[in-house]
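Note sheet for the following structure.
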Amino acid sequence: MSADANCLFCKIVRREIPSTIVFENDHALAFRDIHPAAKTHVLVIPKKHIIGIAHAEPADAPTMGELLLAARKVAEQEGLGDGGYRLVINNGADAGQSVLHLHVHVLGGRPLAWPPG
Ligand code: 5GP
Ligand code: ZN
């Protein structure tokens with residue numbers, strides 16, 4: 001399935017829900033998280049509806065590569081290239097995944113503790 005009528009992030013891709021978009025290409029869309037957890041907090045999503053990393057299929061490999069490169073581009077565009085940043089993909093309940101459309105969190109602009117809580 002390439003789009004889900006009821007999916008929040010598919011609605012953002014279709015501009016049915018407003019968001020602050022910072023990057024877009026044929027494969028990916030990046031927009032600011034509505035509840036930022038760091039000075040910079042951007043979500044990078046595939047335009048294709050993939051529920052989560054556990055649902056990505058071998059045929060999605062090019063999309064996954066584009067997603068990571070888009071996340072790096074966003075980080076650089078946000079001025080995080082020198083100071084550093086973190087990319088996070090939450091999958092499933094224990095990781096706290098709350099939106100069932102694959103997304104990469106780009107976090108930066110403050111020191112990020114490791115390991116995460
Ligand atoms: P998760 O917890 O699934 O890894 O991350 C989902 C993220 O989506 C959360 O950080 C949450 O703040 C963000 N989010 C949820 N609803 C919206 C929305 O309508 N717009 C935007 N821009 N971000 C959202
Ligand atoms: Zn979706």
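Just so you know, ligand 1 is whichever comes first in the structure, and atom 1 is the first atom listed for that ligand. Only this structure's heavy atoms are used, side chains among them; waters, hydrogens and symmetry mates stay out.
By the 3.5 Å distance cut-off applied to N or O atoms, Ile34 is counted among the residues near ligand 1. Polar contact with ligand 1: present for Val99 (N/O pair, distance under 3.5 Å). Any N or O atom pair closer than 3.5 Å counts here, and Ser19 shares no such pair with ligand 1. Taking only nitrogen or oxygen atoms, main chain and side chain alike, His103 reaches within less than 3.5 Å of ligand 1.
Ranking the protein heavy atoms by distance from atom 22 (N) of ligand 1 puts Arg32 O, 2.9 Å first.
Between Glu78 and Lys39, no side-chain nitrogen of the basic residue sits less than 4.0 Å from a carboxylate oxygen of the acidic one, so the salt-bridge criterion is not met. Remark: Arg15 engages Glu24 in a salt bridge, criterion side-chain N to carboxylate O under 4.0 Å.
Near His35, with a cut-off below 4.0 Å to any heavy atom, the atoms of ligand 1 are 12 (O). Atoms of ligand 1 found under 4.0 Å from any heavy atom of Phe9, numbered from 1 in the order shown, are 8 (O). When each atom of ligand 1 is checked for a heavy atom of Gln97 under 4.0 Å away, the hits are 3 (O). Within ligand 1, the atoms closer than 4.0 Å to a non-hydrogen atom of Leu8 are 16 (N), 17 (C), 19 (O), numbered from 1 in the order shown. Numbered from 1 in the order shown, with element, the atoms of ligand 1 that lie under 4.0 Å from a heavy atom of Ser98 read 1 (P), 2 (O), 3 (O), 5 (O), 6 (C).
Close to ligand 1: Gly96, with a non-hydrogen atom less than 4.0 angstrom away.
Nearest approach of Gln77 to Val22, heavy atoms of both residues: NE2-O, 2.6 Å. Smallest separation of non-hydrogen atoms from Ala28 and Val44: CB-CG1, 4.4 Å. Minimum heavy-atom separation, Ser19 to Ile12: OG-CG2, 3.4 Å.
In this structure, His41 and His105 have tilted ring planes: the angle between them lies in the 30° to 60° band.
Taking hydrophobic clusters as Ile, Leu, Val, Met, Phe, Trp and Tyr residues chained together by side-chain heavy-atom distances below 4.5 Å, Met64 does not share a cluster with Val13. A continuous path of hydrophobic side-chain contacts links Val99 to Ile17 [ILVMFWY only; heavy atoms under 4.5 Å]. Tracing side-chain contacts under 4.5 Å through hydrophobic residues (I, L, V, M, F, W, Y), one reaches Tyr85 starting from Val74; they form part of the same cluster. At a threshold of 4.5 Å between side-chain heavy atoms, the hydrophobic network of Ile, Leu, Val, Met, Phe, Trp and Tyr places Leu43 and Val88 in two separate groups. In the hydrophobic cluster analysis, where Ile, Leu, Val, Met, Phe, Trp and Tyr join through side-chain heavy atoms closer than 4.5 angstrom, Leu67 is grouped together with Leu87.
With a 4.0 Å cut-off on non-hydrogen atoms, His105 touches ligand 1 through its side chain and not its backbone. Contact annotation: for Thr20 versus ligand 1, there are no heavy atoms closer than 4.0 Å. The proximity of Val88 to ligand 1, defined as any non-hydrogen pair under 4.0 Å, does not occur for either the backbone or the side chain.
Lys73 NZ: 12 or fewer foreign heavy atoms inside a 6.0 Å radius.
Around the Zn ion (ligand 2), the protein contributes the following N, O or S atoms under 2.8 Å, ordered by chain and number: Cys7 SG, Cys10 SG, His49 ND1, His101 ND1.
In this structure the side chain of Asp4 never reaches within 4.5 angstrom of the side chain of His101, judged on heavy atoms.
Looking at Leu102, Asn91, Asp33 and measuring to atom 13 (C) of ligand 1, the nearest heavy atom belongs to Asp33.
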